[in-house]
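Counting starts at 1 for both ligands and their atoms, following the listed order.
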Amino acid sequence: TVQNFSEIPGLWRNGLANLYSFWKLDGFRNIHRVMVHNFKTFGPIYREKIGYYDSVNIIKPEDAAILFKAEGHYPKRLTVEAWTSYRDYRNRKYGVLLKNGEDWRSNRVILNREVISPKVLGNFVPLLDEVGQDFVARVHKKIERSGQDKWTTDLSQELFKYALESVGSVLYGERLGLMLDYINPEAQHFIDCISLMFKTTSPMLYIPPAMLRRVGAKIWRDHVEAWDGIFNQADRCIQNIYRTMRQDTNTHGKYPGVLASLLMLDKLSIEDIKASVTELMAGGVDTVTSITLLWTLYELARHPDLQEELRAEVAVARQSTQGDMLQMLKMIPLVKGALKETLRLHPVAVSLQRYITEEIVIQNYNIPCGTLVQLGLYAMGRDPDVFPRPEKYLPSRWLRTENQYFRSLGFGFGPRQCLGRRIAETEMQLFLIHMLENFRVDKQRQVEVHSTFELILLPEKPILLTLKPL
Ligand code: HEM
Ligand code: 2DC
């Protein structure tokens, strides 16, 4: 027989006491490890209440399937209150990231067509390919200047710029110029604001921002300053495009970018477009794609034979397509597998969450409609029952013949999945193609780098890599 909701194991009876022990365990920076530990203690389902934040946690792909079947027509994830509070405070509209219900759906459907549908890939690839080539040229220059035929560095700043340049070129159909020696201080400020925004968000997951705002806490003020910087920069970019668009209507059949396409389509209000384009710009910068690329280079440096295998795959694809990039992207299953493998071991999002819209049964427990259910993405990626020998970095796990049922969830799932997914995937694949064709990646000592939680999972310390021309 099915067991009652209140019988699910876990610590959920005293939210405040749990918040205190969570804090003592340094849980704020270790959510991912705390979750792994909880699954070990309680089994594949547990209930938890930390502060005011109450959820059921699951880890198995089969249970994820049940969860996503119950997400309803307007899937809703955990609200990051710091982000909505800022918008309420400054009277700004929510974009698709923060909207819910019918308002979310009507905006999302229109954005999907311009941002994530297969038809736009052909528009994105030439733009992103050019950024990839410029990145390679920049690394060659750095190597030359070093006078040592190699360049050893923490690539994260460079990757942030690559990511911002990529997303900027797709959104605005224009280059921002971040691959040059001298970069616009405004762009650097934008990048810094995004890092600050993420850093100041995670403590506010557990301490209500409204309260911090009332007492004038520094963390709230920093958070506001960070978002102000992000919105100001995005507003400037959007104004620019709007102006040039009105000046010349003739774009010579050239793809004008996501923003101009949305403006011409005229199906969303300008305010809605601004709100979502700002989120796309913020979501596209440092953090997500650049961190995933950094982890991938780190893994390739640790596995030189695998690196050669990927290089060979890219060489064959290049040969047989004569450099037709769109075709080439269809011939690199191992490179794509490497990116999935990176997101398995180093997911950006520690969990996926949904408020379920119907009652479900998971692991033989009843879960009522309206409950917040979290899939522990980091924990699932390291569960030996789900991924045999989980500690091994094996891109071949993701080849067609393998069982992938509800296992590849790094970008989320269903209609509420990552809107930037196509951009991110293409940008990362092109990056790896160009890097593999030009450089050997090496790292010094065999030290493990772990993750730390700052809203997203990041490397806990700098990753130093050495790039050598082939
Ligand atoms: C949402 C991951 C890159 C924009 C999400 C979600 C995840 C995710 C897990 C939540 C999905 C869900 O709840 O099912 C990633 C990863 C990335 C990446 C792993 C790169 C490696 C990007 C980029 C952009 C972006 C480059 C913008 C260009 C968004 C937006 C949403 C979202 C707007 C909210 C969508 C909605 O609520 O309808 N992402 N993301 N992401 N992401 Fe990404
Ligand atoms: C963080 O417990 C941990 O893609 C919380 O590009 C639950 C939670 C809710 C929403 C998640 C967030 C976590 C991690 C960062 C995510 C976010 C949804 C979108 C966001 C996954 C797992 C991200 C990074 C977006 C950010 C775009 C924004 C900067 C405009």
Side-chain angles (χ1 to χ4, degrees), residues 27-28 31-32 34-35 48 50 53 55 57 64 67-68 71 74-83 86-87 94-100 104-105 107-109 111-112 115-116 124 128 163-164 166-168 170-171 193-195 197-198 201-202 204-206 226-227 230-231 234 258 275-296 339-340 342-344 346-355 372 374-378 408-429 431 453-458:
F28 293 121
I31 296 192
H32 50 307
V34 171
M35 285 178 91
E48 174 184 61
I50 302 178
Y53 172 15
S55 66
N57 292 266
L67 165 63
F68 287 114
E71 67 175 8
Y74 306 117
K76 183 170 184 254
R77 72 172 83 84
L78 182 93
T79 306
V80 178
E81 272 189 50
W83 298 353
Y86 167 80
R87 284 154 180 81
Y94 294 1
V96 77
L97 171 76
L98 300 173
K99 283 179 190 290
N100 281 310
W104 166 77
R105 190 161 186 101
N107 276 249
R108 174 82 200 216
V109 165
L111 288 166
N112 279 346
V115 183
I116 197 174
F124 293 171
L128 295 172
L164 180 52
S166 293
V167 82
V170 165
L171 291 179
C193 283
I194 288 171
S195 299
M197 182 276 288
F198 275 103
T201 302
S202 52
M204 287 194 262
L205 286 176
Y206 301 98
W227 274 121
I230 294 168
F231 272 91
V258 169
S276 282
V277 167
T278 304
E279 287 175 0
L280 284 172
M281 209 174 153
V285 188
D286 78 291
T287 59
V288 277
T289 38
S290 33
I291 298 297
T292 306
L293 286 174
L294 188 60
W295 280 122
T296 307
L339 289 166
K340 287 189 178 169
T342 302
L343 286 172
R344 174 181 71 81
H346 315 283
V348 176
V350 65
S351 75
L352 303 176
Q353 334 79 38
R354 292 292 184 267
Y355 291 89
L372 175 65
Q374 292 204 74
L375 170 71
L377 210 54
Y378 178 91
S408 171
L409 295 172
F411 290 96
F413 180 83
R416 188 106 219 197
Q417 69 177 279
C418 177
L419 176 60
R421 178 174 191 161
R422 271 289 122 64
I423 299 176
E425 284 177 341
T426 312
E427 173 189 329
M428 295 193 296
Q429 290 159 11
F431 178 91
F453 177 83
E454 281 183 11
L455 193 75
I456 51 171
L457 291 173
L458 302 171

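- Considering backbone and side-chain N/O atoms, R354 comes within less than 3.5 Å of an N/O atom of ligand 1.
- Note: an N/O pair closer than 3.5 Å links R108 and ligand 1 by distance alone.
- Taking every heavy atom of F413 and a limit of under 4.0 angstrom, the matching atoms of ligand 1 come to 14 (O).
- Taking OG1 of T201 as the start and CH2 of W83 as the end, the distance is 6.0 Å to the nearest 0.5 Å.
- Once rounded to the nearest 0.5 Å, the distance linking CD1 of I291 with CG of L343 reads 12.0 Å.
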Kindly print each ligand 2 N/O atom paired with any protein N/O atom under 3.5 angstrom away, one pair per line, or none if nothing qualifies.
from: ligand 2; atom 1: 2 (O); to: Y53; atom 2: OH; distance (Å): 2.7

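- Residue contact check for ligand 1: M428 places a non-hydrogen atom closer than 4.0 Å to it.
- With sequence neighbours excluded, no residue forms a side chain to side chain donor-acceptor pair (under 3.5 Å) with Q429.
- Remark: F68 pairs with F413 by the ring pair (Phe, Tyr, Trp, His ring centres under 6.0 Å) rule, at least two apart or across chains.
- Aromatic rings of F231 and Y86 (six-membered ring for Trp) have centroids within the 6.0 Å cut-off, being under it.
- No side-chain donor-acceptor contact under 3.5 Å links T292 and T342.
- Close approach of ligand 1 to G410 (heavy-atom distance below 4.0 Å) involves ligand atoms 2 (C), 9 (C), 19 (C).
- Residues F453 and S202 form a side-chain contact, since some pair of their non-hydrogen atoms from C-beta on lies under 4.5 Å apart.
- For residues 417-428, the set of pairs meeting the salt bridge (Lys or Arg N to Asp or Glu O under 4.0 Å) definition, not counting sequence neighbours, comprises R421-E425.
- Any N or O atom pair closer than 3.5 Å counts here, and E279 shares no such pair with ligand 1.
- Residue-ligand proximity, T292 to ligand 1, at heavy-atom distances under 4.0 Å covers atoms 21 (C).
- Atoms of ligand 1 found under 4.0 Å from any heavy atom of V167, numbered from 1 in the order shown, are 28 (C).
- Taking all heavy atoms of G414, P347, A424, G420 into account, the minimum distance to atom 25 (C) of ligand 1 is reached by G420.
- Within the listing of ligand 1, atoms 9 (C), 11 (C), 12 (C), 14 (O) sit less than 4.0 angstrom from a heavy atom of G412.
- Ligand 1 has an N or O atom lying under 3.5 Å from an N or O atom of R416, backbone or side chain.
- Remark: ligand 1 atoms within the under-4.0 Å shell around heavy atoms of L352 are 9 (C).
- The main-chain N or O of A275 is never found under 3.5 Å from a side-chain atom of R87 such that the two would form a donor-acceptor pair.
- Atom OH of Y206 is separated from atom CD1 of I31 by 3.0 Å, given to the nearest 0.5 angstrom.
- Distances below 4.0 Å separate heavy atoms of A349 from the following atoms of ligand 1: 9 (C).
- The distance from ligand 1 to the heavy atoms of L97 drops below 4.0 Å at these ligand atoms: 31 (C), 34 (C), 37 (O).
- When only interatomic distances are considered, the shortest N/O to N/O separation between W104 and ligand 1 falls below 3.5 Å.
- The closest donor-acceptor contact from the side chain of S276 to the backbone of V96 lies under 3.5 Å.
- For the atom pair NE2 (H32) and CG (L457), the distance works out to 5.5 Å, reported to the nearest 0.5 Å.
- Taken from CG in L352 to CG in L377, the straight-line distance is 4.5 Å, to the nearest 0.5 Å.
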